[in-house]
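Report on the structure given below.
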Amino acid sequence: MQTSPNVDQLSSRLRTLSRDGGSIEAAQVKVIGLDDIRAAAGPRWPRMRDRVRAGSLDILSRYCGDDDVVVPAGDGFLVVLAEAPPGMVQKRCQEMRDALLAFYLGDEALSSLRPEVGNRTLTPDGLTDLLVGNTHESEAPARNLIAKAPHAEIGCAPVIVTHEERIGAWLAAPVSHGRSGRRICYNTDFILDGRHQRQQDFLELDIAVLDHALSAASKLKAQGDASLVGVSVHASTMQKRRSREAYLQWLAGADPALRRTMFVMISEIERGTPLLSLSEWCGALRALTASVWLDFHLNDTAIGSISGAGAWGAGFSLPIFGGAQQPPRVSRLCDRVSFWSKSLSGQGVRLIVHGFQDAGFLAMSSALGVDLATSDMHQPFAFTDEDLLGRIDISA
């Protein structure tokens, strides 16, 4: 059983079968009653959620073959069946349902949950719908639920390919102004300890950032510029089910020719976020875009299996010192950069670091293995069309 599937390969497989008049059979698992448990659990909800997911995955694994694929989807899972002889799909669905029900009933805290398992015949569009669709019907489309975004400056950060000394992409993101300059930032507290000290809702801002990225991508394309454009989305937007569904609906409604070339960076991921959650978020975003980057805290140590989430790149923002990075701080930062580089390179994941304050430290970090970087001091952020268009080669 695969729990971290390559959704792009799965979609490609479906398209090939569709051209040949075929399809893929799957079991769609919905967990009913999570809202009641979520409300009762309060601050304990993240642990309860992980308990449900981990236990459910364990049960499903007993009824899956080596080539079956399990994809987290909404409040449940999608089990893509590698082999589905006629008449066996419904039987396998019933077996999964009975096993899940026995598991929930055997755990007092989960006894109110009920599984629904039904067979689905998948097409490429059907796969995307299941990964991003709501598990609850909404009275209005997500676009009608979005109010005016909160005040925040949005810019495009040139993403420097460090070993080639060129701008390889643009990243649309919220920008914070401080005494040390401008930097990519949602929550000013996050840089301190990797925690979200205040409960903030960034969905409206994320929608505004997405629209900004789509506009930038459209303008670059019209100019004949093939530069990639990416967009940031806050981790809390992906963590909250309703916010995630609203964001994914908005993203799914964008011009496919633009969004399928875009990358998404999940920003300010809290320390201790489970790999299962990261896998779910990455899977949903990769069904709609080219790749996903993960943005952690500098001191997060849970990066040993990031490749299992399906991320193309991962990294962090440098701390704020109020000036250029100087010894002995540089020495400590070099140790952290080296730690991240060794961990990620062994997994085939690119290292992305934000917030360089001088060119010298950027060069040192490049030698240590930083693949991509943003630095407003070295390569200023773009806030106007004039800033954005035409700025490609930085090697001169």
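Positions are given from 1, in the same order as the sequence printed here.
- Listed by chain and number, the hydrophobic cluster partners of Leu101 are Leu105, where partners are ILVMFWY side chains within reach of under 4.5 Å, directly or through others.
- A 4.5 Å side-chain heavy-atom check between Ser366 and Glu165 finds every atom pair outside the cut-off.
- Ser218 places no side-chain N or O within donor-acceptor distance of the main-chain N or O of Leu214, the cut-off being under 3.5 Å.
- Residues Phe339 and Leu368 fail the side-chain proximity criterion, which asks for heavy atoms closer than 4.5 Å.
- With values rounded to the nearest 0.5 angstrom, Ser112 atom OG is found 11.5 Å from Ile32 atom CD1.
- Leu318 is not listed as a side-chain neighbour of Ile191, based on a closest heavy-atom distance of 4.5 Å or more.
- Not a single salt bridge (Lys or Arg N to Asp or Glu O under 4.0 Å) links Lys221 to another residue, sequence neighbours left out.
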- Verdict with supporting geometry, Met262 and Leu210, side-chain contact (heavy atoms from CB on, under 4.5 Å): CA-CA 10 Å; Met262 292 174 60; Leu210 175 56; 4.2 Å; yes

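- For Ser56, the side chain to side chain donor-acceptor pair (under 3.5 Å) test picks out Tyr104, with sequence neighbours left out.
- Contact of the Asp225 side chain with the Leu389 side chain is not registered, since no non-hydrogen atoms from C-beta on lie closer than 4.5 Å.
- Side-chain atoms of Trp170 and Pro158, non-hydrogen and from C-beta on, do get closer than 4.5 Å to each other.
- A heavy-atom distance below 4.5 Å is not found between the side chains of Val353 and Leu362.
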- Show the numbers, then the answer: is there a salt bridge (charged side-chain N to carboxylate O under 4.0 Å, His left out) between Arg244 and Glu280? CA-CA 11 Å; Arg244 180 173 68 248; Glu280 179 179 1; 3.4 Å; yes

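- For Trp293, the ring-ring contact (aromatic ring centres under 6.0 Å, His included) criterion is met by Phe263, Trp312, not counting sequence neighbours.
- Applying the salt bridge (charged side-chain N to carboxylate O under 4.0 Å, His left out) definition to pairs two or more places apart or across chains, none involves residues 305-319.
- Residues Arg350 and Leu344 have side chains not in contact (no heavy-atom distance under 4.5 Å, counting atoms from C-beta outward).
- Atoms CD1 and CG, from Ile269 and Leu294 in turn, are 4.5 Å apart once rounded to the nearest 0.5 Å.
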- Task: Report the C-alpha separation of Phe383 and Val175 in whole Å, then their side-chain angles, then the decisive distance to 0.1 Å, and conclude whether the side-chain contact (heavy atoms from CB on, under 4.5 Å) test is met.
- Result: CA-CA 10 Å; Phe383 294 96; Val175 176; 4.0 Å; yes

- Task: Applying salt bridge (charged side-chain N to carboxylate O under 4.0 Å, His left out), run through Arg182 and Asp376 and close with a yes or a no.
- Result: CA-CA 6 Å; Arg182 296 180 295 201; Asp376 184 51; 3.0 Å; yes

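- Arg114 meets the salt bridge (Lys or Arg N to Asp or Glu O under 4.0 Å) test with no other residue; sequence neighbours excluded.
- Of all non-hydrogen atoms in Ile160 and His378, the two that sit nearest each other are CD1-CD2, 3.8 Å.
- Remark: Ser232 pairs with Tyr186 by the side chain to side chain donor-acceptor pair (under 3.5 Å) rule, at least two apart or across chains.
- Atom CG of Leu228 is separated from atom CD1 of Ile167 by 13.0 Å, given to the nearest 0.5 angstrom.
- Taking each heavy atom of Ala213 and Val229 in turn, the nearest pair found is O-CG1, 3.6 Å.
- Nearest approach of Cys64 to Val70, heavy atoms of both residues: SG-CG2, 4.1 Å.
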- Is there a side-chain contact (heavy atoms from CB on, under 4.5 Å) between Arg97 and Glu116 once you walk through the steps? CA-CA 7 Å; Arg97 179 193 174 280; Glu116 286 187 0; over 6 Å; no

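- With no hydrogens or angles considered, no side-chain donor-acceptor pair links Trp250 and Asp206 at under 3.5 Å.
- Rounding to the nearest 0.5 Å places CG of Leu275 at 8.5 Å from OG of Ser307.
- By the side chain to side chain donor-acceptor pair (under 3.5 Å) test, Asp335 pairs with no residue at all, sequence neighbours left out.
- Although no hydrogens or angles enter the test, the distance criterion places a donor-acceptor pair under 3.5 Å between the side chain of Ser61 and the main chain of Asp58.
- For Lys342, the salt bridge (Lys or Arg N to Asp or Glu O under 4.0 Å) test picks out no residue, with sequence neighbours left out.
- In terms of heavy atoms, Ile59 sits closest to Ala99 at CG2-CB, 3.5 Å.
- Side-chain atoms of Gln223 never come within 3.5 Å of backbone atoms of Lys219 as a donor-acceptor pair (strictly under, hydrogens ignored).
- Within the model, atoms CZ of Phe202 and CD1 of Ile207 stand 14.5 Å from one another, a figure rounded to the nearest 0.5 Å.
- Remark: the backbone N or O of Glu270 is not paired with any side-chain donor or acceptor of Arg195 at under 3.5 angstrom.
- Residue Val349 comes nearest to Ala311 through the heavy atom pair CG2-O, 4.1 Å, listed as atom of the first residue, atom of the second, then distance.
- Every pair tested for salt bridge (charged side-chain N to carboxylate O under 4.0 Å, His left out) that includes a residue from residues 287-310 fails, sequence neighbours excluded, so the list is empty.
- Here the shortest heavy-atom pairing between Ile306 and Ala314 reads CG2-CB, 4.2 Å.
- Not a single donor-acceptor pair under 3.5 Å links the side chain of Arg183 to the backbone N or O of His354.
- Every side chain to side chain donor-acceptor pair (under 3.5 Å) that His234 has, sequence neighbours left out, goes to Ser236, Glu268.
- Thr374 OG1 to Ile184 CD1: the interatomic distance, rounded to the nearest 0.5 Å, is 4.0 Å.
- Ser345 places a side-chain N or O within 3.5 Å of a backbone atom of Ser341 that can act as its donor or acceptor partner.
- At least one side-chain heavy atom of Phe103 sits less than 4.5 Å from a side-chain heavy atom of Leu110.
- Panel note: side chain Arg53, backbone Leu276; no donor-acceptor pair is recorded below 3.5 Å.
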- Message: One pair to check against side-chain contact (heavy atoms from CB on, under 4.5 Å): Leu278 and Phe296. What are the steps and the verdict?
- Response: CA-CA 11 Å; Leu278 298 178; Phe296 297 90; 4.0 Å; yes

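- The ring-ring contact (aromatic ring centres under 6.0 Å, His included) check on His297 picks up Phe190, with sequence neighbours excluded.
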